[in-house]
Amino acid sequence: MSTLFAPPRGRLVQVSQGDPDPEFDERALVERARVDIDAFAELYRHYLPRIHSFALRRTGSVEAAEDVCSATFEAALRNIARFKWQPGGVAPWLFRIAGNQTIAHYRREARTETDRGQRAMAQLHVDATAEPTQPLGDDAHELRAALDALSPRYQRAIALRYLADLDHGAAAQAMGLAKPAFAVVLSRALRAMRRELASKEADR
Amino acid sequence: MSDELKKRLGAWRSTPTAQPDAQFADTLERDLRSQAHFAPRSAAKRPLLRPAVLVFSSAAVLLGVWFAVQDTSSSPEEVVMSRPTDTEITLPGQAPTRPTNQVTLPDGTRIAVEDDGSAVVDGVVLDGGTEALVEDGRIEIFPANPTPMPAPPATPTATAGPAASSLPAPTPEPTPEGAPRVTPTPAPTATVAPAPDPTTAPASPQIDPGPILITLGVQNLDGPSLLLTWLAEPRGDVSGWEVVLLSGDRQRSIALLRDSTLRELEVERPDAENVQYIVRARGQGGAVLGESNAAG
């Protein structure tokens, strides 16, 4: 069985926003992916590392990140025929799905009264005792705790802009907002996060 | 990124994360392949024209650019900018610069808040992407997108753009500072007049729509901020909004929003007690088309 992610394979692994590789014609690939599972699989392999990284930073849990990735690409497969090409490419659309799936994942988990659900709740709502499965620095823990305390809308704005590394236009597109409206949401989100961090600092 | 939080977020993003597990990636790809049931493609119908409402909105914004400046105070207040983040100011006749905290802004100062930035001017919170101008001791906020601010005043090196004198002359404030505030009579809603006989009634080319009805609400945001939001009946003659702070029997215009589509403004919670706000609808030439309830 072939292993997709053991070594980086060629140019497809070098994913970045607005893909600098001139030979990578994402638009053509998306067009084919609407009717061809091999093309969709190529798109999947292209974006999985980036979506996984986003979800892992956001949740701090490999298990949750894999759940988010599965749900994201399954939703993308179901809806790729309806995807309307935009200048930012497919990345804002995929990150929008991933952001929504992150929130949905926590909500699903929270509804179950299992240990796993309790862990998910602890991640969504700040709990200093929650033990993440992805080793992160203290600052990352602090930032994620502050981010988790914000409203879902603010969480999405900051996560898309800073954790998904989308530029301003792409993040706005991922939020389904015009750039000026996204700028407003983002600046409010950042202010709310600053206040949250300051509040936690004062509590210590 | 000049802001500490943005630096921390950038560092978080740069922290290496584990690559997706190879077995997981292969399993998910197999699952996706098994789920693939592509329907035959159908040509998507694309609208040939943008919705008329968008065209109308753009036209309304472009038409409602200028209206006269109104100031309810006898002399301009000092305008101070605090906590600027990723913000650029241009003092009259000077080059753009990064402001320091608590800098005083004279009339004619232009403010550009970058997409990720924010600043507080005279208690008014400017969000990312905002362009504003200090005029007559208050902040004027311009549409973020289509309508540019008026050109800066001529400087020794400036060669293009209209001079600041092209701004319309201020309209005298009908209600001087300290005078009792006059609330426009609300539009009659209960009186039913008999319908005129269409065969004998004189032609009436213009109908006065009456004062616009505005309902203002104030919401506490996290921290030291208030969010003023207002509802207003949709009217094409509104070109912007004026936000006025009431303190005792004093009133002061704190912001002029030159964008009829805006319906909210974030302000810092004032230190003084018994402070309220009102919002006025402004039309062409600075005419007051209506005034909200006082809320605070």
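Naming convention: chains lettered A, B, ... in sequence-line order (proteins, then strands); numbering from 1 in each chain. Keep in mind that what you see is a predicted model, and the values were worked out from it rather than measured.
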Which value, rounded to the nearest 0.5 Å, describes the distance between [X] atom [atom1] and [Y] atom [atom2]?
X         : Y         : atom1 : atom2 : value
Trp12(B)  : Ile158(A) : CH2   : CD1   : 9.0 Å
Arg57(A)  : Thr17(B)  : CZ    : OG1   : 4.5 Å
Phe73(A)  : Gln35(B)  : CZ    : CD    : 13.0 Å
Asp139(A) : Lys7(B)   : CG    : NZ    : 13.0 Å
Ser70(A)  : Leu32(B)  : OG    : CG    : 8.0 Å
Arg13(B)  : Arg161(A) : CZ    : CZ    : 7.5 Å

Using heavy-atom distances under 4.5 Å, tell me whether [X] contacts chain B through its side chain, its backbone, both, or neither.
X         : answer
Leu143(A) : both
Leu197(A) : side chain
Arg78(A)  : neither

Partners passing side chain to side chain contact (heavy atoms under 4.5 Å, CB included) against Glu66(A) (at least two apart in sequence or in another chain): His52(A), Val62(A), Asp21(B), Phe24(B)

Atom CZ of Arg33(B) with >12 non-hydrogen neighbours under 6.0 angstrom: yes

Val184(A) and Glu266(B), any side-chain heavy atoms less than 4.5 Å apart: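 Answer no - side chains too far apart.
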
Tell me, for [X] versus chain A, whether the close heavy atoms (under 4.5 Å) come from the side chain, the backbone, both or neither.
X         : value
Leu28(B)  : both
Val113(B) : neither
Ser14(B)  : backbone

Tyr162(A) side chain to Arg8(B) backbone, donor-acceptor under 3.5 Å: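 No; judged by distance alone, with no hydrogens or angles, the pair does not exist.
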
Verdict with reasoning, Leu9(B) to Leu190(A), per side-chain contact (heavy atoms from CB on, under 4.5 Å): CA-CA 10 Å; Leu9(B) 288 167; Leu190(A) 288 169; 3.9 Å; yes

Non-neighbouring partners of Phe54(A) that pass ring pair (Phe, Tyr, Trp, His ring centres under 6.0 Å), sequence neighbours left out: Phe95(A)

Sidechain N-carboxylate O distance under 4.0 Å for Glu264(B), Arg188(A):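 So Glu264(B) pairs with Arg188(A) through a salt bridge.
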
Pair Glu4(B) + Arg194(A): basic N to acidic O under 4.0 Å: no

side-chain contact (heavy atoms from CB on, under 4.5 Å) between Asp127(B) and Arg191(A), intermediate numbers included: CA-CA 10 Å; Asp127(B) 288 308; Arg191(A) 276 204 307 277; 3.3 Å; yes

Closest non-hydrogen atom pair, Pro49(A) against Pro20(B):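 Scanning both residues, the minimum pair turns out to be CA-CG, 4.0 Å.
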
